[in-house]
Amino acid sequence: MLSAVLLGALSVGVSARADEFSDVSQLLRAGKPGEALAKADQFLATKPRDPQMRFLRGVILTESGRASDAIAVFLKLTEDFPELPEPYNNLAVLYAGQSQFDKARAALEMAIRTNPSYATAHENLGDVYAKLASQAYSKALQLDGSNAAVAPKLALIRDLFAPGSKAQRPAASAPATAPRPATSVAAAPAVTPPVRPASQPVAVPAPGPVAAPPAAPAPAPAAGGADKEIEAAVRAWAAAWSAKDMSAYLAAYGKDFEPANKQARKAWEEDRRSRIVGKSRISVTVSDLAVSVNGDKATARFRQAYSADNLNVTSRKTLELAKQANRWVIVRESTGS
């Protein structure tokens with residue numbers, strides 16, 4: 001099933017003041033969508049172009065079962081802020097809820113084009129392709145009921161989306177703390193799709209006790225040292241990005257780094273250079289950093305606050321790192337996971 005952004009940060013320009021945004025979010029989480037919508041409208045009366053509050057307003061309308069109004073909000077956001085992936089993602093969720101899977105596919109492809117590392121959009125696109133396949137297989141059976149190869153394929157896809165299927169994501173009891181798209185291929189547009197809370201860090205299970213051989217010391221101290229090395233590497237990467245120091249920024253990525261969408265390394269570096277150097281100012285800060293180490297590989301999950309010129313964005317970020325030549329370097333990255 002698709003995943004939409006509910007309450008989470010957008011990759012957009014000027015954002016609503018934190019206290020105003022927090023008040024509206026709390027009202028929505030408290031089950032008071034009417035009050036939340038009124039407060040959002042009050043804010044937008046004085047700041048009509050604020051993308052963060054507009055996005056949250058679209059989420060409120062979605063949660064209130066007003067799919068058509070929510071679609072209008074997210075469509076306008078894609079027109080005013082085409083660089084933002086989240087409105088495209090939520091738009092796709094709403095289209096999917098109305099069984100408009102071709103429109104959902106197009107919206108998700110735009111989300112991925114604006115942010116190739118947007119993991120949620122990639123997963124949602126897979127779900128949409130599965131739904132389109134289901135429609136095609138059903139049509140094939142209508143046209144040729146004797147085709148024995150089609151029925152098992154159709155059954156497989158229906159099992160994937162059947163209630164209680166292990167492949168389905170569990171529904172969230174409440175939206176996350178910041179606007180984050182929540183998607184789901186729902187049968188009826190009035191039903192809020194199941195949502196994967198995207199603004200919360202992914203839980204990393206704590207390693208169990210390891211019995212060390214009598215002659216060898218316990219590995220805990222080394223792991224602690226690796227944690228600090230990885231944290232230092234992540235913060236150095238963010239600092240180089242903030243300083244627009246392209247040599248240090250690109251050096252943070254290992255020779256085995258895999259750009260999203262199978263983009264060539266050279267093309268990716270040129271794209272990053274044009275996006276970073278052209279900004280008059282950039283600020284990248286890291287918070288809620290959680291590190292998981294497995295030998296010479298590690299995963300760092302954190303909240304990234306990005307600010308550049310008139311753009312302010314907060315999102316979840318995941319970096320996969322590997323130890324190469326005695327230093328930790330990035331081999332894969334994703335946003336929104």
Side-chain angles (χ1 to χ4, degrees), residues 2-29 33-97 104 107-108 110-112 114-115 118 120-121 124 172 174-184 192-193 195-200 303-308 310-316 335-336:
L2 297 183
S3 284
V5 178
L6 282 185
L7 303 182
L10 277 187
S11 321
V12 310
V14 183
S15 63
R17 284 187 327 215
D19 54 346
E20 297 280 356
F21 182 79
S22 177
D23 289 346
V24 175
S25 300
Q26 288 176 7
L27 285 170
L28 181 57
R29 285 197 301 269
E35 294 181 32
L37 184 61
K39 195 166 186 66
D41 287 341
Q42 182 181 7
F43 179 93
L44 290 170
T46 57
K47 296 182 179 180
R49 279 188 57 82
D50 186 277
Q52 192 85 343
M53 190 63 81
R54 287 167 63 185
F55 182 86
L56 180 52
R57 186 174 186 273
V59 172
I60 296 169
L61 292 170
T62 302
E63 293 292 286
S64 302
R66 296 169 59 180
S68 297
D69 293 334
I71 286 174
V73 169
F74 291 130
L75 267 176
K76 193 67 173 68
L77 274 171
T78 64
E79 294 170 3
D80 294 343
F81 301 94
E83 72 278 11
L84 300 179
E86 293 90 347
Y88 288 113
N89 183 75
N90 279 25
L91 196 54
V93 174
L94 290 163
Y95 284 145
L108 288 168
M110 284 301 300
I112 293 169
T114 61
N115 183 359
Y118 195 3
T120 300
N124 286 341
T177 48
R180 192 93 185 246
T183 60
S184 154
T192 303
V195 176
R196 178 179 53 186
S199 65
Q200 299 174 357
R303 182 176 296 282
Q304 173 183 291
Y306 173 87
S307 176
N310 290 326
L311 180 65
N312 297 297
V313 184
T314 303
S315 60
R316 294 300 309 176
T335 302

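These figures come from a predicted structure and were not determined experimentally.
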Which atom of [X] lies closest to which atom of [Y], heavy atoms considered:
{"X": "Leu37", "Y": "Arg66", "result": "CD2-NH1, 3.5 Å"}
{"X": "Thr114", "Y": "Glu83", "result": "CB-O, 3.6 Å"}
{"X": "Ala70", "Y": "Thr62", "result": "CB-OG1, 3.3 Å"}
{"X": "Asn89", "Y": "Ala121", "result": "OD1-CA, 3.8 Å"}
{"X": "Ala40", "Y": "Val24", "result": "N-CG2, 4.0 Å"}
{"X": "Ala111", "Y": "Tyr88", "result": "CB-CB, 3.7 Å"}

| said: Could you check, using the six-membered ring where one of them is a Trp, whether Phe55 and Phe74 have ring centers closer than 6.0 angstrom? | reply: yes
Atom [atom1] of [X] and atom [atom2] of [Y]: how far apart are they, to the nearest 0.5 Å?
{"X": "Leu108", "Y": "Met110", "atom1": "CG", "atom2": "CE", "result": "11.5 Å"}
{"X": "Ser25", "Y": "Ile60", "atom1": "OG", "atom2": "CD1", "result": "8.0 Å"}
{"X": "Leu28", "Y": "Ser64", "atom1": "CG", "atom2": "OG", "result": "7.5 Å"}
{"X": "Leu91", "Y": "Ile71", "atom1": "CG", "atom2": "CD1", "result": "6.5 Å"}
{"X": "Glu86", "Y": "Thr78", "atom1": "CD", "atom2": "OG1", "result": "12.5 Å"}
{"X": "Lys47", "Y": "Met53", "atom1": "NZ", "atom2": "CE", "result": "9.0 Å"}

Self-check item: 4.5 Å side-chain heavy-atom contact, Leu44 and Arg54
Solution: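 Answer yes - side chains close enough.
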Checklist entry - Heavy-atom distance under 4.5 Å between the side chains of Ile112 and Pro85, does that happen here? => result no
Does Asp80 form a side chain to side chain contact (heavy atoms under 4.5 Å, CB included) with Arg49? I'd like the steps, not just the answer. CA-CA 9 Å; Asp80 294 343; Arg49 279 188 57 82; 3.9 Å; yes
**OP:** Would you please test Glu20 and Lys39 for side chain to side chain contact (heavy atoms under 4.5 Å, CB included) and show each step?
**Re:** CA-CA 8 Å; Glu20 297 280 356; Lys39 195 166 186 66; 4.2 Å; yes
Exactly one candidate in Gln52, Arg303, Gln304 meets side-chain contact (heavy atoms from CB on, under 4.5 Å) with Thr314; the answer is Arg303
